[in-house]
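Order of listing sets the numbers, starting from 1, for every ligand and every atom in it. No experiment lies behind these values; they were computed from the predicted model shown.
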Amino acid sequence: MNPVANQNKIYIYIKCKKCGTEISCVTKSKLTPCKCGAISVDGSNDLVRVIGEIDNCEEIQK
Ligand SMILES: [Zn+2]
């Protein structure tokens, strides 16, 4: 589990490399899985947790 600090107001998404799902990091503390279930994202305004297969996800800034 790698906590990712996000102190900027940039929109950050976590993309699953397996199914291509892009999950917004702001999930309002609700655990949000991707379509294939390899990763789940649990985010708030200043902290993002990615749970699952970390090697299968990448961080995207929009
Ligand atoms: Zn997936």
Side-chain angles (χ1 to χ4, degrees):
M1 298 184 190
N2 294 341
V4 179
N6 170 24
Q7 297 178 342
N8 299 320
K9 289 298 180 184
I10 303 170
Y11 288 101
I12 297 182
Y13 291 75
I14 302 296
K15 181 178 181 180
C16 174
K17 292 179 182 176
K18 280 188 172 179
C19 65
T21 303
E22 294 178 7
I23 306 169
S24 170
C25 282
V26 182
T27 60
K28 296 187 171 64
S29 297
K30 182 183 171 191
L31 194 62
T32 305
C34 70
K35 283 180 184 172
C36 73
I39 58 169
S40 296
V41 178
D42 180 8
S44 62
N45 287 329
D46 53 3
L47 181 69
V48 178
R49 279 193 304 154
V50 179
I51 299 167
E53 301 175 30
I54 299 297
D55 291 343
N56 287 327
C57 73
E58 61 183 331
E59 193 176 301
I60 298 172
Q61 293 185 1
K62 293 190 179 182

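Partner Cys16 forms a side chain to side chain contact (heavy atoms under 4.5 Å, CB included) with one of Ile39, Ile23, Val50 and no other, that one being Ile39.
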I'd like to know whether Val41 forms a side chain to side chain contact (heavy atoms under 4.5 Å, CB included) with Val48, so could you lay out the CA-CA distance, the side-chain angles of the two residues, the decisive distance to 0.1 Å, and finally the verdict.
CA-CA 7 Å; Val41 178; Val48 178; 4.0 Å; yes

Determine, stepwise, if the pair Lys18 / Glu53 fulfils side chain to side chain contact (heavy atoms under 4.5 Å, CB included).
CA-CA 10 Å; Lys18 280 188 172 179; Glu53 301 175 30; 3.2 Å; yes

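Other residues, nucleotides and ligands place more than 12 heavy atoms under 6.0 Å from the NZ atom of Lys17.
Listing protein N, O or S atoms at distances below 2.8 Å from the Zn ion (ligand 1), with waters left out, gives Cys16 SG, Cys19 SG, Cys34 SG, Cys36 SG.
Residues Gln61 and Ile12 come closest through the heavy atom pair CG-CG1, 3.9 Å.
Looking at heavy atoms from C-beta onward, Ile14 lies out of side-chain contact with Glu22 at the 4.5 angstrom threshold.
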